[in-house]
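Along the sequence shown, residues carry numbers from 1. Note that ligands are numbered from 1 as they come in the structure, with each ligand's atoms numbered from 1 the same way.
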Amino acid sequence: MKVLIFDTVTSAVEAVADRLAGKVAGKPDCVLGLATGGTVEPVYEALVARYEAGRVRFDQTHTFNLDEYVGLEPTHPMSYHSYMARHLFDRTDFRACNTHIPHGNAADPAAEADHYERLIKGRGGIDLQLLGVGENGHIGFNEPTSSLSSVTRLKTLAPETVRANSRYFEHQSDVPQVSITMGIATILQADEIALLATGSNKAKAVRDLIEGPLSAMCPASALQLHQKTEVYIDAEAAAELSLRDYYEAVHPGGKIGHP
Ligand code: F6R
């Protein structure tokens with residue numbers, strides 16, 4: 001695991017955007033795994049800026065999002081379909097036929113989850129997976145105690161996730177309780193992973209995922225098993241790391257490469 005600590009949120013975000021854009025430049029028909037949430041919004045803004053400046057194009061790139069709420073129509077403003085359209089897909093040249101998000105409104109959501117897992121495999125798997133992390137250590141919607149071998153399936157949101165996500169809904173009671181999410185094993189099958197975490201509210205999850213025991217109580221700790229994971233964090237999210245000096249010596253300023 002490469003732990004990359006940046007002075008500011010902006011520099012961490014720009015580094016992640018460079019990582020994604022660099023992957024697409026090197027392999028235009030690559031498969032990206034994408035996340036939603038507040039943390040990655042500025043990453044999409046930075047990708048749109050690169051696209052508008054003519055520095056990257058996405059017309060051959062495939063995407064698979066991590067998750068979607070069960071019960072929301074794709075057109076619902078709080079669905080992850082709408083989120084992706086708003087922040088990235090409608091503002092760039094991604095082709096609709098190449099972008100995939102689980103259908104939360106499927107008549108049989110469990111069958112939709114199985115289908116989604118097969119779709120990912122059928123596309124040859126994910127080249128580079130973008131992740132955020134929940135304050136409780138979730139990745140995708142794999143909440144604490146999720147099986148570390150889980151694949152795409154239905155998952156009930158933890159109460160703290162419902163509370164955190166209620167900021168996007170008018171009432172907490174409007175937040176869907178169930179999601180379709182890639183599993184932890186699905187995520188670990190990606191060739192490469194880039195996780196972004198910023199802000200002091202993520203410091204504990206960041207510590208547990210990097211330095212804690214491998215445990216279903218912190219699903220993100222499963223990334224310790226992955227050979228090519230990069231964790232991009234700002235100074236606040238790095239605050240609880242006990243080996244911070246070591247990470248900063250290996251990757252000064254978050255740069256990959258030895259000092
Ligand atoms: C959603 C997802 C989640 C978020 C996590 C952090 O697709 O993957 O795991 O990354 O809930 O959300 P924010 O960034 O809003 O704190």
Asker: Quick one: look up the protein heavy atom nearest atom 16 (O) of ligand 1 and list residue, atom name and how far away it is.
Answerer: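 So the nearest neighbour among protein heavy atoms is K202 NZ, 2.7 Å.
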Asker: Closer than 4.0 angstrom, basic N to acidic O: yes or no for E41 and R86?
Answerer: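 Salt bridge between E41 and R86, a charged N being under 4.0 Å from a carboxylate O: no.
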Asker: Identify which one of R118, E112, E117 satisfies the side-chain hydrogen bond (donor to acceptor under 3.5 Å, both in side chains) criterion when paired with T152.
Answerer: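 So the option named by the test is E117.
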Asker: F169 vs Y69 aromatic rings, parallel, tilted or perpendicular, using cut-offs 30° and 60°?
Answerer: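 The rings of F169 and Y69 stand perpendicular, inter-plane angle above 60°.
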Asker: Looking only at protein heavy atoms, which one is nearest to atom 14 (O) of ligand 1, and what is the separation?
Answerer: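 It is T39 OG1, 2.5 Å.
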Asker: Assess R167 for proximity to ligand 1: is some non-hydrogen atom of it under 4.0 Å away?
Answerer: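 Yes, R167 has a heavy atom closer than 4.0 Å to ligand 1.
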Asker: Polar contacts were defined as any N/O atom of the residue lying under 3.5 Å from an N/O atom of the ligand; does this apply to G38 and ligand 1?
Answerer: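 Min N/O separation from ligand 1 is below 3.5 Å for G38.
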Asker: Hey, does G140 come in under 3.5 Å of ligand 1, counting only N/O atoms on both sides?
Answerer: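 Yes; at least one N/O pair falls below 3.5 Å.
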Asker: Taking atom CZ of R57 as the centre, report whether more than 12 heavy atoms of other residues, nucleotides or ligands fall under 6.0 Å from it.
Answerer: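 Counting neighbours around CZ of R57, 12 or fewer heavy atoms of other residues, nucleotides or ligands fall under 6.0 Å, so no.
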Asker: In terms of hydrophobic clustering (I, L, V, M, F, W, Y; side-chain heavy atoms under 4.5 Å; direct or indirect links), are L34 and V13 co-clustered?
Answerer: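 Same cluster: L34 reaches V13 through Ile, Leu, Val, Met, Phe, Trp or Tyr contacts under 4.5 Å.
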Asker: What protein heavy atom lies closest to atom 8 (O) of ligand 1? Include the residue and the distance to one decimal.
Answerer: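 Going by distance alone, atom 8 (O) of ligand 1 is nearest to L66 CD1, 3.2 Å.
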Asker: I'd like to know whether H103 forms a ring pair (Phe, Tyr, Trp, His ring centres under 6.0 Å) with H81, so could you lay out the CA-CA distance, the side-chain angles of the two residues, the decisive distance to 0.1 Å, and finally the verdict.
Answerer: CA-CA 9 Å; H103 286 98; H81 280 80; 5.2 Å; yes
Asker: Of D67, I187, L130, which has the heavy atom at the shortest distance from atom 2 (C) of ligand 1?
Answerer: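 Considering heavy atoms of D67, I187, L130, the nearest to atom 2 (C) of ligand 1 sits in D67.
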Asker: Among all protein heavy atoms, pick out the one at the shortest distance from atom 6 (C) of ligand 1; state its residue, atom name and that distance to 0.1 Å.
Answerer: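 The protein heavy atom lying closest is V133 O, 3.4 Å.
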Asker: To check your reading of the model: name the closest protein heavy atom to atom 1 (C) of ligand 1, its residue, and the distance in Å.
Answerer: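 Atom 1 (C) of ligand 1 sits closest to the protein heavy atom T36 OG1, 3.1 Å.
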Asker: For atom 10 (O) of ligand 1, what is the nearest protein heavy atom, given as residue, atom name and distance?
Answerer: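 Here the nearest protein heavy atom works out to G132 CA, 3.3 Å.
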Asker: Out of the candidates K23, K27, H62, only one should pair with D127 under the side-chain hydrogen bond (donor to acceptor under 3.5 Å, both in side chains) rule; please name it.
Answerer: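 So the option named by the test is K27.
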Asker: In the protein, which heavy atom is nearest to atom 11 (O) of ligand 1, and how far is it?
Answerer: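 Ranked first by proximity to atom 11 (O) of ligand 1 is H138 NE2, 2.6 Å.
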Asker: Check the orientation of H87 and Y83. Use parallel for under 30°, tilted for 30 to 60°, and perpendicular for over 60°.
Answerer: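 Rings of H87 and Y83: tilted, 30 to 60°.
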Asker: So is Y80 polar-close to ligand 1, meaning N/O to N/O under 3.5 Å?
Answerer: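 No: no nitrogen or oxygen of Y80 is under 3.5 Å from one in ligand 1.
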